[in-house]
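Report on the following structure.
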Amino acid sequence: MSVRVRFAPSPTGSLHIGGARTALFNWLFARRHQGTFILRIDDTDLDRSSEESYRSILRSLEWLGLNWDEGPYLESERLELYRRAAEKLLVEDKAYLCYCTPEELAERRREAQAKGLAPMYDRRCRYLTPDERSRLEAEGRRPTIRLAVPDTGTTVVSDVIRGEVAFDNATIDDFIIVKSNSMPTYNFATVIDDHEMGITHVIRAEEHLSNTPKQILVFQALGYELPVFAHVPMILAPDRSKLSKRHGATSVEEYREAGYLPEAIINYLALLGWSPEGEEEIVPLETIISQFSLEKVSKNAAIYDTKKLTWMNGHYLREGDLDRITRMALPFLQARGLVADPLPDKNYPYVRAVVEAVRDRVKTLAEVADAASYFFTEVTEYEEKGVRKFFARPEVVDLLQQAKERLQELEAFTMETTEKTYRDLAAELDIPAGQLIHPTRLAVSGRTMGPGLFEILELLGKERVITRLEQAIAWIRENIKGADGESN
RNA sequence: GGCCCUAUCGUCUAGUGGACUAGGACGCCGCCCUCUCACGGCGGUAACCGGGGUUCGAAUCCCCGUAGGGCUACCA
């Protein structure tokens with residue numbers, strides 16, 4: 001039997017990293033077994049579902065490369081299926097109409113808790129007489145449908161990751177399967193869909209483990225065959241609490257906007273709760289797919305660690321195909337107004353070269369843009385620390401002046417020729433090359449760190465280098481006391 | 001409160017009774033490389049939640065605590 005799995009988010013927010021990992025594990029499992037990965041949207045909660053969330057989730061999945069083979073199916077478009085199933089259970093007396101209102105239920109729940117009792121539904125509508133029923137209906141009450149749960153016996157969840165987990169039926173409520181607005185509840189719709197869609201493996205977050213016996217009861221009531229269950233551990237925020245917005249970036253879209261690469265997120269997420277055979281942490285997707293197995297998924301909840309993700313992102317940024325990285329960096333450069341949008345084709349090679357020079361020393365696409373600014377704009381200020389260190393020396397104006405003159409004579413302005421010029425000059429002056437290099441970097445970039453100086457010079461080109469050198473000399477003369485040997 | 005899951009360095013994890021002096025990765029620290037910053041290389045720091053068992057032997061099996069998490073909704 002071929003594998004069929006599904007990812008079934010509710011469209012009540014953007015895809016967060018926990019959901020992304022659940023989707024990833026389903027996707028990996030499908031790909032590993034040449035199965036089918038289905039996307040289903042569990043939008044039975046009319047109040048909380050939104051079109052924007054739906055679009056955002058699809059966008060995130062696509063961006064991550066978690067392509068689905070079927071769907072997206074919307075539960076809200078499959079209501080007839082749930083209605084028929086509920087009808088069948090009603091006819092077979094496996095479910096019943098309940099006329100209690102939410103207010104009444106809340107009140108009884110509150111009372112039970114006050115007495116220290118388990119806040120379970122008291123099943124009062126389970127054995128209503130026809131008279132009682134028509135009286136309640138006459139009151140205009142809109143009923144829900146509840147499953148008639150056996151009060152004895154146990155329901156065992158057989159879970160690939162956790163083994164056999166037994167639940168005492170007596171602890172399970174006669175839970176609602178159809179709401180009074182005739183929408184099915186999650187525990188009902190999910191069962192029918194999993195059955196109808198021929199889902200063979202239900203891979204989902206651990207928060208659903210406790211719901212599973214209820215679903216199994218529905219499977220059994222409907223006479224459906226059970227799928228295999230696998231409950232993957234939750235992903236927790238750094239303070240061990242459940243993930244939420246107050247923990248900073250938790251949605252896939254936020255990571256995308258912060259300049260993370262999909263392959264880094266995929267690699268990182270794959271290692272959160274699962275581990276490959278070797279000791280290598282940078283694992284190509286093909287390897288992850290070929291090695292992925294539910295049995296190797298760990299049981300304990302994981303706390304996500306942005307530091308490791310960032311490290312991985314830096315790796316993929318450095319190693320990735322340059323054209324692709326450049327394309328991905330482009331929006332970040334444009335957002336800062338550094339390059340035109342759209343970028344004229346003739347400017348592409350320069351942007352590409354800048355990205356190449358800069359990407360070795362940053363970890364995100366946003367940082368690529370930050371580190372590249374002076375390749376696209378004038379240098380208007382010099383880093384304070386660098387000024388003190390390199391511009392404040394009395395001989396610096398003379399040094400920059402000499403360097404400028406030598407560079408001016410250059411025909412070919414390349415990494416090699418500029419470096420030779422600097423090395424030779426340093427040798428002639430009998431000073432370490434650094435004394436020339438550091439002030440020059442500050443002069444042409446405004447910064448004390450960055451790519452190798454000669455790489456910068458070649459990229460900037462002779463004209464801009466000379467101009468920036470002159471500007472720096474003027475700036476020093478104006479701002480640094482006693483900078484010019486002859487002025488006092 | 002009831003039910004369920006989980007428990008190895010700060011974090012992600014390897015580990016399925018002897019190969020454990022507990023391995024790897026991120027982070028952090030140091031050194032090397034070097035025009036700076038990174039990269040890279042080398043080295044270091046750091047963990048089996050506690051208590052009882054079982055066993056010749058326990059990180060590994062069992063029990064009890066404790067801690068964290070989940071479910072207990074006309075949310076999913």
Report the distance from atom [atom1] of [X] to atom [atom2] of [N], rounded to the nearest whole Å.
X        : N      : atom1 : atom2 : answer
A/Trp274 : B/rA25 : CH2   : P     : 17 Å
A/His438 : B/rU34 : NE2   : P     : 14 Å
A/Tyr99  : B/rC74 : OH    : C1'   : 15 Å
A/Arg318 : B/rC37 : CZ    : C1'   : 13 Å
A/Asp370 : B/rA38 : CG    : C1'   : 15 Å
A/Glu295 : B/rG15 : CD    : C1'   : 17 Å
A/Asp168 : B/rG2  : CG    : P     : 14 Å
A/Lys299 : B/rG70 : NZ    : P     : 20 Å

Now, which nucleotide makes the Watson-Crick or G-U wobble pair with [N], with each of the two distances under 3.5 Å?
N      : answer
B/rC61 : B/rG53
B/rA47 : none
B/rC3  : B/rG70
B/rC33 : none
B/rU11 : B/rA25
B/rC20 : none

Using a heavy-atom cut-off of 4.0 Å across all strands, would you classify [X] as base, sugar-phosphate, or nothing?
X        : result
A/Thr144 : base
A/His315 : nothing
A/Thr44  : sugar-phosphate
A/Asn300 : sugar-phosphate
A/Ala302 : sugar-phosphate
A/Ser210 : base
A/Cys98  : nothing
A/Arg447 : nothing
A/Pro9   : nothing
A/Thr440 : nothing
A/Gly273 : sugar-phosphate
A/Ala371 : nothing
A/Leu209 : sugar-phosphate
A/Arg142 : nothing

Nearest to side-chain heavy atoms of [X], which nucleotide of [options]:
X        : options                : value
A/Lys307 : B/rC35, B/rC26, B/rC75 : B/rC26
A/Phe167 : B/rG10, B/rC3, B/rC74  : B/rC3
A/Trp311 : B/rC5, B/rG69, B/rC26  : B/rC26
A/Arg162 : B/rC75, B/rC35, B/rU6  : B/rU6
A/Ser10  : B/rA76, B/rU13, B/rC5  : B/rA76
A/Ile303 : B/rC75, B/rC12, B/rC35 : B/rC12
A/Arg423 : B/rG68, B/rC35, B/rC12 : B/rC35
A/Met234 : B/rG1, B/rC35, B/rG70  : B/rG70

Using the P atom as the point on both nucleotides, what is the distance between B/rC28 and B/rG18, in whole Å? 36 Å
Interatomic distance at C1', B/rU8 relative to B/rG41, whole Å: 29 Å
Does [X] make a side-chain donor-acceptor contact with the base of [N], cut-off 3.5 Å?
X        : N      : answer
A/Lys308 : B/rC12 : yes
A/Asn187 : B/rA76 : no
A/Glu281 : B/rG24 : yes
A/Thr171 : B/rC3  : no
A/Arg361 : B/rC39 : no

Please evaluate residues A/Phe25 and A/Trp274 with respect to the criterion ring pair (Phe, Tyr, Trp, His ring centres under 6.0 Å), reporting the C-alpha separation (whole Å), side-chain torsions for both, the decisive distance (0.1 Å), and the verdict. CA-CA 9 Å; A/Phe25 280 16; A/Trp274 175 82; 7.5 Å; no
Distance only, no hydrogens: is a donor on one side chain within 3.5 Å (strictly under) of an acceptor on the other, for A/Thr190 and A/Gln215? no
Under 3.5 Å, is there a donor-acceptor pair linking the side chains of A/Glu383 and A/Thr448? yes
Can you see if the side chain of [X] gets near the phosphate of [N] - specifically, an N or O under 4.0 Å from OP1 or OP2?
X        : N      : result
A/Lys179 : B/rA76 : yes
A/Lys385 : B/rU36 : no
A/Arg204 : B/rA76 : no
A/Arg48  : B/rA76 : no

Both A/Asn211 and A/Pro451 contact RNA chain B. Taking the nearest nucleotide for each, which residue is further toward the 5' end?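 That would be A/Pro451.
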Select from A/Tyr186 and A/Gly452 the residue whose nearest nucleotide in RNA chain B is closer to the 5' end of that strand. A/Gly452
Is NZ or CZ of [X] both nearer than 6.0 Å to the six-membered ring centre of [Y] and within 45° of the ring axis?
X        : Y        : answer
A/Arg447 : A/Tyr374 : no
A/Arg133 : A/Tyr99  : no
A/Arg84  : A/Tyr82  : no

Shortest non-hydrogen contact from A/Val202 to A/Pro227?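 For A/Val202 versus A/Pro227, the nearest heavy atoms are CG2-CG, 3.7 Å.
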Quick check: A/Phe175 with A/Phe188 (ring centres under 6.0 Å apart)? no
Check: A/Phe7 ring centre within less than 6.0 Å of A/Phe37 ring centre: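 That pair fails the under 6.0 Å test.
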Checking understanding here: a glycosidic angle within 90° of 0 is syn, the rest anti, so what is B/rC48?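 That one's anti.
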Atom CD of A/Glu381 with >12 non-hydrogen neighbours under 6.0 angstrom: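 At most 12 heavy atoms, drawn from other residues, nucleotides or ligands, come within 6.0 Å of this atom.
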